[in-house]
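Please read the structure below before turning to the comments.
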Amino acid sequence: MRKAIIYKFGGASVKNAQAIKNLSIILFNRLQAPMVIVVSAIGKTTNALEEIVEKRWKNEDYHEPLLTLRQTHLAICRDLFPQEDLIHGAIHNVFLNLQRELEPSIDKDNYDEMYDRLIGYGELLSSKIIQAYLCHEKLYCIWQDARELILTDQSFRAARVLWEDTNLAIQRQLLPKMKQLPIVTQGFVGASKSGKRTTLGREGSDFSAAIFASCLDAREVTIWKDVPGVLNADPKLFHDALLFDELDYKEAAEMTYYGASVIHPRTIKPLANKEIPLRVRSFVDQDLKGTLIHHIEGFHNHTPIYTVKKGQLLVTLEVTDFTFINQQQLLEVYQSLHRLGLRTNLLQTSAISISISMDDDRIKRERFLEEMSLHFKIRYNEGLQLVTVKHYREEAKAQFEAWGEIILEQWTRSTMQLVIKAK
Ligand SMILES: Nc1ncnc2c1ncn2[C@@H]1O[C@H](COP(=O)(O)OP(=O)(O)O)[C@@H](O)[C@H]1O
Ligand SMILES: N[C@@H](CC(=O)OP(=O)(O)O)C(=O)O
């Protein structure tokens with residue numbers, strides 16, 4: 001059998017009926033076996049599901065957002081399929097199951113577990129609609145439940161892959177099917193060996209594509225985006241951003257680490273380990289070649305790379321007596337962050353304080369602050385932006401002064417980071 005090709009279509013590329021039709025056009029000349037097509041939830045479905053789950057958790061009324069979500073999906077089906085197609089009933093049933101799963105009383109200690117049980121419904125819906133539509137267009141393919149293949153531990157919302165088990169499941173269950181027809185499956189979701197549903201972290205479908213690629217020793221992965229490829233900055237924020245024709249794995253991995261949301265941070269490593277090339281290309285203009293991320297001997301980039309992470313919480317922990325910050329205190333802070341699964345993006349210590357910029361999470365934040373209040377005096381600032389400039393030029397800081405007040409900065413020889421409070 002030839003080496004497999006992996007395609008990943010994110011939420012933007014399947015955001016409505018027109019976008020799904022466009023996906024089938026992309027596949028028209030490209031569909032082949034062996035191929036795995038990994039899809040994310042339609043548009044902003046995962047955000048809507050997050051709202052529903054949070055409301056259910058707080059015992060608030062979630063019926064309105066649930067109804068909107070149902071109507072949106074059924075309307076897409078009406079645009080894509082004739083009235084008598086079985087898909088309408090199938091999607092209706094998925095919503096009945098979701099409704100049923102939202103009803104029972106909830107275990108108040110296990111928000112993350114409940115979240116993972118419900119949030120993957122978005123990918124379930126999109127993958128069913130897309131597989132049915134491709135078959136309707138005579139682009140025959142098989143639907144596969146990714147939770148039978150991507151096996152993880154039970155670190156809900158940021159599950160770690162059990163590589164050996166996943167590899168085995170893919171070889172045994174997926175490979176034989178792949179010989180017959182292309183596969184459509186879900187990104188983002190997995191399951192533990194005891195059958196609990198898990199997820200790989202928000203925007204984790206790129207990582208799912210990389211997992212399939214690694215286990216299948218794929219020829220290439222293509223992720224289809226609404227941008228021409230990887231640029232040196234988010235083109236929505238920087239209008240003069242430059243497109244890279246190619247990038248070395250290491251440079252791409254660092255970009256994602258600092259927050260370039262075009263690729264999920266966990267995607268590059270499994271591909272780099274097996275030297276599987278990753279192409280990022282546009283689903284809008286399919287004539288463009290995009291950006292090829294692969295191993296480039298002696299790669300040197302001097303173009304500045306800008307990344308912006310929004311929704312940052314900057315916490316400053318200050319000692320309450322006149323002791324200095326020591327390693328034991330740092331250890332306790334890190335242990336608490338690790339236990340709660342809070343991601344830190346910048347840490348700075350002074351003699352009497354520790355400042356941490358982290359991705360905000362309203363529920364976990366409260367627990368962290370509560371734990372820290374036993375040892376420190378706390379100040380915090382929310383809704384901040386963390387700007388990172390790699391290969392910065394001297395004048396780089398000045399342009400961000402217009403963005404707001406720079407309340408923390410950190411410089412190394414190659415990287416500048418600024419925490420900014422918008423005006
Ligand atoms: N360096 C970058 N190059 C290209 N796009 C970027 C970059 N940094 C951030 N982006 C943003 O990433 C978006 C695409 O990623 P994302 O929205 O996660 O896609 P999807 O969810 O459809 O997979 C683009 O619309 C762009 O605004
Ligand atoms: N739907 C999930 C997973 C994902 O990766 O989505 P996208 O490919 O649209 O970023 C999310 O929104 O987090």
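Whatever order the structure lists them in is the order used to number ligands and atoms, beginning at 1.
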Side-chain donor-acceptor contact under 3.5 Å, [X] with [Y]:
X	Y	value
S355	Q348	no
N22	Q286	yes
Q312	N345	yes
S194	Q154	yes

Hey, do the aromatic rings of [X] and [Y] have their centres closer than 6.0 Å?
X	Y	value
Y306	W403	no
H136	F81	yes
Y115	W57	no

With heavy atoms of [X] as the reference, note each atom of ligand 2 found under 4.0 Å away.
X	result
K8	8 (O)
F188	2 (C), 3 (C)
T46	1 (N), 2 (C), 11 (C), 12 (O)

Among all the protein's non-hydrogen atoms, which is closest to [atom], and how far away is it?
atom	result
atom 7 (P) of ligand 2	S40 OG, 3.5 Å
atom 11 (C) of ligand 2	R202 NE, 3.3 Å
atom 9 (O) of ligand 2	G11 N, 2.8 Å
atom 10 (O) of ligand 2	E203 CG, 3.1 Å

Looking at L271 and A213, what are the two nearest heavy atoms and their distance?
CD2-CB, 3.8 Å
Among R365, R362, K421, exactly one meets salt bridge (Lys or Arg N to Asp or Glu O under 4.0 Å) together with E382. Which residue is that?
R365
With a 4.0 Å cut-off on heavy atoms, is [X] touching ligand 2?
X	value
K44	no
H264	no
G204	yes

Hey, what polar pairs (N/O, under 3.5 Å) does ligand 1 make with protein?
| residue | atom | partner | partner atom | Å |
| --- | --- | --- | --- | --- |
| ligand 1 | 1 (N) | L231 | O | 2.9 |
| ligand 1 | 3 (N) | L231 | N | 3.0 |
| ligand 1 | 19 (O) | K225 | NZ | 3.3 |
| ligand 1 | 22 (O) | A12 | N | 3.3 |
| ligand 1 | 23 (O) | K8 | NZ | 2.8 |
| ligand 1 | 23 (O) | K225 | NZ | 2.7 |
| ligand 1 | 25 (O) | D226 | OD1 | 2.6 |
| ligand 1 | 25 (O) | D226 | OD2 | 3.2 |
| ligand 1 | 25 (O) | K236 | NZ | 2.7 |
| ligand 1 | 27 (O) | D234 | OD1 | 2.7 |
| ligand 1 | 27 (O) | D234 | OD2 | 3.3 |
| ligand 1 | 27 (O) | K236 | NZ | 3.3 |

So, E137 and K21, do they make that salt bridge, N to O below 4.0 Å?
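K21 and E137: not salt-bridged.
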Between R197 and F188, is NZ or CZ placed under 6.0 angstrom from the six-membered ring centre and within 45° of the ring axis?
no
